[in-house]
Amino acid sequence: MSQIQQQLSIAPNRTLLAGFSQGAVMSWSIVLNAPHSIGAAAIFSGRLPESVGSPTPQQNRRNLPQLFVGHGQNDQRIALALDEQAVALAQQRGYALSFHRYADLGHGINPQELTDFKQWAAGLSLQKPSS
């Protein structure tokens with residue numbers, strides 16, 4: 001990810017990562033194992049990756065990425081309970097997050113989830129690096 005950020009001249013704290021399904025699993029991995037590499041993440045219908053690193057003891061909670069997590073209650077591919085476990089772990093580690101469950105959604109993204117994501121993203125405070 002750092003190579004792409006360098007090529008595009010985008011600082012890690014100004015990077016919004018988003019992933020659906022397997023991409024959401026990869027997003028959880030980056031969020032929990034390399035939180036300093038992004039400023040925010042949107043996770044759609046995911047679960048924890050196989051290996052989740054231990055939190056960095058000196059991690060400043062202010063510098064943790066902001067998270068949006070959305071999951072359908074009727075998801076037959078990745079059970080909602082698996083994303084709930086990931087959310088609980090993130091909360092234990094001090095992440096600020098917005099978690100949304102969608103009653104009529106299976107394994108996908110619906111218009112309401114997109115609206116919720118857009119509202120959340122509009123309120124992000126991805127700060128420019130101080131000079």
For [Y], does its backbone N or O pair with a side-chain atom of [X] as donor and acceptor, under 3.5 Å?
X	Y	answer
Asn74	Ala103	yes
Ser9	Gln5	no
Gln6	Met1	no
His71	Ile78	yes

**The single option from Ile109, Asn110, Asp75 passing side-chain contact (heavy atoms from CB on, under 4.5 Å) against Tyr102** =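 Only match with Tyr102 under side-chain contact (heavy atoms from CB on, under 4.5 Å): Asn110.
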
**Message:** Would Phe20 and His107 count as a side chain to side chain contact (heavy atoms under 4.5 Å, CB included) here? Give the steps.
**Reply:** CA-CA 9 Å; Phe20 167 74; His107 193 69; 3.6 Å; yes

Taking all heavy atoms of [X] and all of [Y], pick out the closest pair and write down the distance.
X	Y	value
Ala24	Gly46	CB-CA, 3.5 Å
Pro35	Leu64	CB-CD2, 4.0 Å
Ser37	Ala34	OG-O, 2.7 Å
Ser27	Ala18	OG-C, 3.9 Å

Under 4.5 Å between side-chain heavy atoms, hopping through other hydrophobics if needed: is there a path connecting [X] to [Y]?
X	Y	answer
Leu16	Met26	no
Leu67	Val87	yes
Leu89	Val69	yes

**Request:** Evaluate the side-chain proximity of Tyr95 to Val31: yes if any heavy-atom separation is below 4.5 Å, no if none is.
**Result:**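 In short, these two side chains touch, coming nearer than 4.5 Å.
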
**Message:** Does Gln66 form a side chain to side chain contact (heavy atoms under 4.5 Å, CB included) with Leu97? I'd like the steps, not just the answer.
**Reply:** CA-CA 6 Å; Gln66 300 167 72; Leu97 60 88; over 6 Å; no

**Request:** Assess whether side chain to side chain contact (heavy atoms under 4.5 Å, CB included) is satisfied between Ile38 and Ile30, documenting all intermediate values.
**Result:** CA-CA 8 Å; Ile38 59 172; Ile30 291 168; 4.3 Å; yes

**From CD (Gln22) to CZ (Arg77), nearest 0.5 Å** =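 Rounded to the nearest 0.5 Å, the CD-CZ separation comes to 11.5 Å.
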
**Within the 6.0 Å centroid threshold, strictly below: Phe44 and His100** =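 No; His100 has its ring centre 6.0 Å or more from that of Phe44.
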
**Message:** Can you see whether Trp28 engages Asp83 through a side-chain donor-acceptor pair at a distance of less than 3.5 angstrom?
**Reply:**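 Yes, Asp83 and Trp28 have a side-chain donor paired with an acceptor closer than 3.5 Å.
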
**Prompt:** For Leu105 and Glu113, what are the C-alpha separation, side-chain angles and deciding distance, and is it a side chain to side chain contact (heavy atoms under 4.5 Å, CB included)?
**Reply:** CA-CA 9 Å; Leu105 181 60; Glu113 188 172 21; 3.4 Å; yes

